[in-house]
Amino acid sequence: MTSSPSPMAGPQPENDPQGWPLRAWGLTLLGAIAGLSIYWIARPDRYFPELDHRDLRMASATFMATAAALLGLLIERTRLRWSLSFALIGAALVGLTVYWNVPSQASDQPWRIGCAALAVAMATPLFQAWRGAQPEQGPLAWHLSYREVHPHAWTDAVLGVAAWAFVGVVWAMALLLGQLFKLIGIDGLEKLLDKEWMAFTLTGAALGAGIALLRDRSAMLTLLQRVVTTVLSVLAPVLALGLLIFLLAIPFTGLAPLWNATRSTSPILLGCIIGALCLTNAVIGEEEAGEARSPLLRAAAGVLSLAMLPLALIAAFSTGLRIQQHGITPDRLWAVIFTGMACAYGLAYLVSIARYRREAAPHLRQANLRLAFALTAASLLLATPLLNFAAISTRDQVARLEDGRLKPDDFDWGALRFDFGQSGMEAIRRLASQGATPAIRAAAAHALSPMSRYELTPHKEPPRPRMNPARLVVLPRGTQLPPALFDQLADYSACGPDAHCVVMHKPDSDDAVIVTALGSTLYHFDGKIWAVDRHALSHDKAEDERIARGIKTGKVEVRNVKRRQVYVDDVPLGDVF
């Protein structure tokens with residue numbers, strides 16, 4: 001990758017250097033109104049629950065929040081109508097996605113809403129660059145360069161984080177003042193801050209003010225962006241070394257440990273790919289003058305670029321393996337989509353590095369711009385109801401049930417009813433009346449009965465861990481513990497999972513005292529199981545009532561009693577038995 005001693009180029013602000021005071025006051029007021037409106041819109045109807053319209057309420061609140069956020073990022077003195085139009089269109093897209101998906105109750109509902117938000121988030125810096133591509137008098141240009149888009153993307157991200165940090169500072173100051181006035185008997189501010197509507201209003205106003213104040217200080221915002229990208233670029237060698245060691249170890253360890261260690265293989269790998277993508281772009285910058293000059297950083301960016309495709313292929317293989325073993329679900333189809341996006345980025349970066357090597361940075365930046373347009377379009381498509389992953393999953397799972405690959409007792413009826421939306425419920429109704437076997441019809445009819453997911457899906461207890469004899473001391477020495485008692489020792493109420501433990505038990509006794517560093521516990525055998533002797537720990541209800549009556553009547557005396565208690569090296573431990 002090429003480098004240049006020129007300083008890193010920062011984003012070119014569109015706002016005036018002197019700031020725009022009206023914008024600061026306007027965004028503060030807009031934030032307060034938006035916060036208060038969201039509170040009134042989103043809260044359920046207490047008096048007419050049958051007219052609640054949760055889908056419309058959530059969609060309207062989402063529209064209000066998205067429109068206010070986009071206006072805060074976009075509003076300028078020039079081309080105000082373009083900014084307002086983009087904000088309303090983007091907010092309408094996210095709001096309509098919420099409106100379409102809230103009633104479905106399908107498990108992929110958050111993913112569709114997330115895709116709508118991702119499409120708007122990625123389109124925002126593209127629009128900002130497009131809006132500022134030509135002078136105000138000239139036509140808007142359709143051709144965009146990476147140098148124009150990259151600063152807006154990083155600035156928007158840094159601005160969002162910094163504005164929310166400002167919200168935290170405002171709340172800390174408000175709460176402090178509330179406590180201060182309370183010291184002199186004025187608790188009005190504290191009570192006001194406790195009200196929910198005030199929390200929404202103050203948060204919105206503080207967020208709008210934070211965005212406006214930072215935008216009016218473009219030099220500070222540029223400095224923050226440079227600090228973030230510099231810090232991230234320094235972290236690139238660390239992640240590059242870790243991913244390189246991981247990939248070099250795969251031929252020796254194989255892929256089997258990945259499946260045995262966790263079921264979250266694909267999300268972990270996708271997280272690593274996102275991290276590699278962000279750190280690589282922090283190193284290559286927005287143009288040649290902004291590239292890192294350190295050979296170590298440039299080499300780390302090359303390693304990260306080459307590592308993305310292998311990681312994406314492993315994630316794709318993991319997802320495919322899960323689908324082959326357990327069939328299609330909405331979440332697995334979304335995993336296919338995300339791994340496909342990761343493979344696209346990995347392939348583009350691999351081709352650029354392999355073809356251009358040290359001169360790959362300009363081509364990586366151009367690939368980023370093209371992929372940004374493609375990812376925005378794909379996210380927009382995925383946010384619409386055109387692709388019904390719940391219906392696809394329902395057909396696949398029902399086919400596995402009807403052709404005998406799954407038995408009715410092993411079938412996940414809870415997922416079909418609660419995760420696959422309306423298509424899942426329709427499939428259960430059809431199976432209840434037209435199922436291929438009596439067992440399928442009976443199981444489907446049972447799944448239609450009103451119950452929660454946890455009642456419908458039996459909970460399987462994990463296997464109980466066995467006690468390690470090496471950390472166990474049995475007193476008197478040589479005593480053999482009953483097998484049923486030994487099986488209970490790994491419980492947290494007994495010896496626990498890993499600590500040293502002493503068990504005092506006399507042969508043929510129904511009692512056993514279990515001693516750890518935390519205390520002692522009396523276990524009793526009731527003829528079936530060994531369990532904690534609750535009578536040794538507390539009184540029963542009758543004794544509690546008798547004690548209460550005795551205290552009222554004054555029947556209290558002091559007696560000398562003989563007690564049973566554990567002593568370790570002459571030190572009393574635990575409760576008296």
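Only this structure's heavy atoms are used, side chains among them; waters, hydrogens and symmetry mates stay out.
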Atom pair OH (Tyr99) and CD1 (Ile113), whose distance is rounded to the nearest 0.5 Å: 14.0 Å
Rounded distance [0.5 Å steps], CG in Leu243 versus CG in Leu269: 9.5 Å
Within-4.5 Å side-chain heavy-atom neighbours: Leu247 and Leu311: yes
Asn101 side chain vs Thr97 backbone, donor-acceptor pair below 3.5 Å: yes
Evaluation steps, side-chain contact (heavy atoms from CB on, under 4.5 Å), between Leu118 and Leu382: CA-CA 11 Å; Leu118 177 63; Leu382 292 169; over 6 Å; no
Charged N-O contact under 4.0 Å between Asp403 and Arg405: yes
Heavy-atom donor-acceptor pair, Thr479 side chain to Leu475 backbone, under 3.5 Å: no
Short side-chain to backbone donor-acceptor contact, Arg322 and Arg332, under 3.5 Å: no
Ala312 backbone acceptor or donor facing Thr339 side chain under 3.5 Å: no
Min side-chain heavy-atom separation Glu426-Thr394 under 4.5 Å: no
From OH (Tyr349) to CD1 (Ile273), nearest 0.5 Å: 12.5 Å
Interatomic distance, Leu277 atom CG to Cys272 atom SG [nearest 0.5 angstrom]: 13.0 Å
Non-hydrogen side-chain atoms of Asp412 and Gln397 separated by less than 4.5 Å: no
Minimum heavy-atom distance Leu202-Ala174, with the two atoms named: CD2-CB, 4.1 Å
Distance in Å, Leu241 CG paired with Leu304 CG, rounded so as to fall on 0.5 Å steps: 10.5 Å
Heavy-atom side-chain proximity of Leu448 to Met425 below 4.5 angstrom: yes
Ring geometry between Phe389 and Trp334 (parallel below 30°, tilted from 30 to 60°, perpendicular above 60°): perpendicular
Gln480, CD atom: more than 12 neighbouring heavy atoms under 6.0 Å: no
Min side-chain heavy-atom separation Leu306-Leu350 under 4.5 Å: yes
Least distance between heavy atoms, Val513 atom then Leu522 atom: CG2-CD1, 3.9 Å
Side-chain touch Leu333/Ser393, heavy atoms, less than 4.5 angstrom: yes
Check: Tyr523 and Ile514 side chains under 4.5 Å, non-hydrogen atoms: yes
Rounded distance (nearest 0.5 Å) linking atom CZ of Phe338 with atom CG of Leu270: 8.5 Å
Least distance between heavy atoms, Ala512 atom then Leu485 atom: CB-CD2, 3.8 Å
Side chain Ser318, main chain Ile314, donor-acceptor under 3.5 Å: no
His505 (side chain) donor-acceptor with Asp511 (main chain) under 3.5 angstrom: yes
Flag, side chain of Ser233 to backbone of Thr230, donor-acceptor distance under 3.5 Å: yes
Min side-chain heavy-atom separation Pro482-Trp530 under 4.5 Å: yes
Worked check of side-chain contact (heavy atoms from CB on, under 4.5 Å) between Thr319 and Ile323: CA-CA 6 Å; Thr319 303; Ile323 291 176; 4.2 Å; yes
Worked check of side-chain contact (heavy atoms from CB on, under 4.5 Å) between Trp413 and His446: CA-CA 9 Å; Trp413 295 98; His446 176 69; over 6 Å; no
Side-chain donor or acceptor of Trp111 paired with backbone N/O of Ala335 under 3.5 Å: no
Expected output: side-chain Glu402 to main-chain Gly435 donor-acceptor under 3.5 Å: no
Trace of the side-chain contact (heavy atoms from CB on, under 4.5 Å) decision for Phe411 with Leu431: CA-CA 13 Å; Phe411 188 75; Leu431 291 173; 5.5 Å; no
Donor-acceptor pair, side chain of Asp526 and main chain of Ile529, under 3.5 angstrom: yes
